[in-house]
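Heads up, the thing below is written out as structure tokens.
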Amino acid sequence: MSDQSNSHEGSANDSPTSLTSGRDWSALPLRHEQYEWSMEAEGPLVQGPLDMEFLRGQRMLLTLEEGQYGLLVHDGALKALYLDGCHHLDIGNRPDQVQTDSHLFFLSTSQPVEFRWTSTSEHGFTTSDGTQVIGRCSVRIEKPARFYHRILRNLSDWSPETVNSQLEPLVHQAFNNLLSQVCQLEWDHPGGLQSALMGLGASQLDEFLSEHGLFCESLAAYTAAPPVENWQNQTTGQSTDLLHS
């Protein structure tokens with residue numbers, strides 16, 4: 001039996017109509033050729049793919065923990081999304097079996113990806129008045145099917161390096177969009193931008209990440225240099241260097 005009410009994929013636009021999802025708790029017959037598989041707990045965000053051809057004629061017992069998802073792909077289309085629980089998959093070429101030319105790979109929605117931008121980063125942030133902004137953020141997958149369609153579907157290499165190289169420009173652009181909104185505000189003191197940046201919440205970045213199936217777990221941003229105040233009360237001969245000693 002399948003419990004589809006627990007799936008996080010609530011939008012019909014996230015996946016094809018043939019996509020199935022749910023937990024499979026049905027009884028498993030005792031078979032010596034049963035093949036057991038689980039996701040590496042401390043592994044990367046995306047793991048796999050696992051080629052089904054070498055399991056032809058066998059049954060796989062797939063066990064997923066909370067926050068782990070199995071994605072079954074055939075001819076580039078996402079055919080099934082397996083939630084946490086136990087699933088038994090018959091591999092073969094009958095219509096009721098998992099096709100041998102399918103691939104199975106795994107996503108972790110509890111594994112964060114960290115990004116950090118400094119004043120020396122190749123792709124940093126600069127406001128229209130030339131102020132440099134530094135920051136860091138952590139993102140996670142929220143919608144596995146949407147993440148597949150927007151990020152993974154066109155990749156031939158799902159290594160951590162390749163996946164991160166796809167994510168960084170998306171997160172960078174999302175932060176740039178948020179920074180543009182912040183810079184439209186007006187401040188009556190030099191520290192206004194700094195205060196606005198320090199008041200940003202992680203959820204404010206989600207507006208620009210949700211279309212990719214991602215959400216922001218944490219966010220911090222600051223001006224690269226502290227605000228410069230206009231010192232009006234300096235006495236004659238007083239060096240500004242002494243003010244910072």
Side-chain angles (χ1 to χ4, degrees), residues 2-11 14-16 18-26 28 34-56 58-92 97-115 138-168 170-171 209-210 212-215 217:
S2 296
D3 177 8
Q4 297 186 5
S5 63
N6 292 307
S7 172
H8 290 212
E9 303 307 309
S11 173
D14 289 349
S15 56
S18 59
L19 174 64
T20 61
S21 63
R23 296 179 174 86
D24 186 353
W25 299 103
S26 56
L28 301 178
Q34 184 168 279
Y35 185 87
E36 297 185 5
W37 190 269
S38 59
M39 186 175 180
E40 184 181 347
E42 301 301 324
L45 180 76
V46 180
Q47 298 179 28
L50 183 64
D51 191 344
M52 296 289 98
E53 176 60 40
F54 87 100
L55 291 172
R56 178 189 293 267
Q58 298 188 54
R59 169 170 290 185
M60 170 190 281
L61 174 60
L62 174 63
T63 303
L64 298 171
E65 301 294 334
E66 184 177 357
Q68 297 178 350
Y69 292 79
L71 284 76
L72 183 67
V73 176
H74 183 251
D75 289 336
L78 183 57
K79 293 298 184 182
L81 175 65
Y82 301 106
L83 308 181
D84 54 289
C86 295
H87 312 268
H88 56 88
L89 285 66
D90 279 316
I91 295 88
Q97 293 180 305
V98 173
Q99 299 300 295
T100 57
D101 56 347
S102 299
H103 293 84
L104 181 65
F105 64 99
F106 309 92
L107 300 180
S108 171
T109 59
S110 59
Q111 181 77 25
V113 182
E114 309 283 345
F115 297 96
S138 173
V139 302
R140 290 196 291 162
I141 298 174
E142 181 178 36
K143 302 283 188 180
R146 186 178 300 179
F147 181 79
Y148 170 77
H149 289 295
R150 298 299 179 94
I151 308 294
L152 300 181
R153 182 171 56 180
N154 297 319
L155 295 181
S156 58
D157 174 15
W158 295 320
S159 66
E161 295 77 18
T162 299
V163 172
N164 285 359
S165 71
Q166 296 294 310
L167 292 181
E168 182 162 15
L170 295 178
V171 177
L209 293 176
S210 61
H212 306 292
L214 300 167
F215 78 99
E217 183 178 57

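The distance from the CG atom of L71 to the NZ atom of K79 is 13.5 Å, given to the nearest 0.5 Å. Going from atom CZ of R59 over to atom CD of E36 covers 13.0 Å, rounded to the nearest 0.5 Å. Taking CG of D51 as the reference point, atom OG of S102 lies at 9.0 Å (rounded to 0.5 Å). The structure places CG of L61 at 13.0 Å from CD of Q58, a figure rounded to the nearest 0.5 Å. Separating the OH atom in Y82 from the CG atom in L64 is a distance of 10.0 Å, to the nearest 0.5 Å. Atom-to-atom distance recorded for L107:CG and K143:NZ is 14.0 Å, nearest 0.5 angstrom.
Under the 4.5 Å side-chain criterion, counting only non-hydrogen atoms from C-beta, F106 is not in contact with Q68. Between V98 and D90 the shortest side-chain heavy-atom distance does not fall below 4.5 Å.
Among all heavy-atom pairs drawn from T100 and R56, the shortest one is OG1-NH2, 3.4 Å. In terms of heavy atoms, T63 sits closest to C86 at OG1-SG, 4.0 Å. Shortest non-hydrogen contact noted between G213 and R146 is N-CD, 3.6 Å. Counting all heavy atoms, side chain and backbone alike, L55 lies closest to I91 at O-CB, 3.5 Å. Looking at every heavy atom in both residues, F215 comes nearest to L209 through C-CD1, 4.2 Å. The two residues G85 and H87 have their closest heavy-atom pair at O-CD2, 3.7 Å.
Residues passing the side chain to side chain contact (heavy atoms under 4.5 Å, CB included) test with S110, sequence neighbours excluded: S108, R140. When the side chain to side chain contact (heavy atoms under 4.5 Å, CB included) test is applied to V73, the partners found at least two apart in sequence or on another chain are L78, F105, Y148. Evaluation of the side-chain hydrogen bond (donor to acceptor under 3.5 Å, both in side chains) rule for D101 yields H74 as partners, not counting sequence neighbours. For the side chain to side chain contact (heavy atoms under 4.5 Å, CB included) test, residues two or more places apart in sequence or in another chain that qualify with T109 are Y69, I141, P144.
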Side chain to side chain contact (heavy atoms under 4.5 Å, CB included) assessment of L170 paired with R150: CA-CA 11 Å; L170 295 178; R150 298 299 179 94; over 6 Å; no
Step-by-step side chain to side chain contact (heavy atoms under 4.5 Å, CB included) determination, L214 to V113: CA-CA 11 Å; L214 300 167; V113 182; over 6 Å; no
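Not one N or O on the side chain of E168 forms a donor-acceptor pair closer than 3.5 Å with the backbone of Q166.
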Under 3.5 Å, which donor-acceptor pairs link side chains of residues 43-50 to any protein atom two or more places apart or in another chain?
| unit_1 | atom_1 | unit_2 | atom_2 | d |
| --- | --- | --- | --- | --- |
| Q47 | OE1 | E40 | N | 3.1 |
| Q47 | NE2 | E40 | O | 2.8 |
| Q47 | NE2 | P44 | O | 3.4 |

Under 3.5 Å, which donor-acceptor pairs link side chains of residues 155-164 to any protein atom two or more places apart or in another chain?
| unit_1 | atom_1 | unit_2 | atom_2 | d |
| --- | --- | --- | --- | --- |
| D157 | OD1 | S159 | N | 2.9 |
| D157 | OD1 | S159 | OG | 3.3 |
| D157 | OD2 | S159 | OG | 3.2 |
| D157 | OD2 | T162 | OG1 | 2.7 |
| W158 | NE1 | L152 | O | 3.2 |
| S159 | OG | T162 | N | 3.3 |
| S159 | OG | T162 | OG1 | 3.1 |

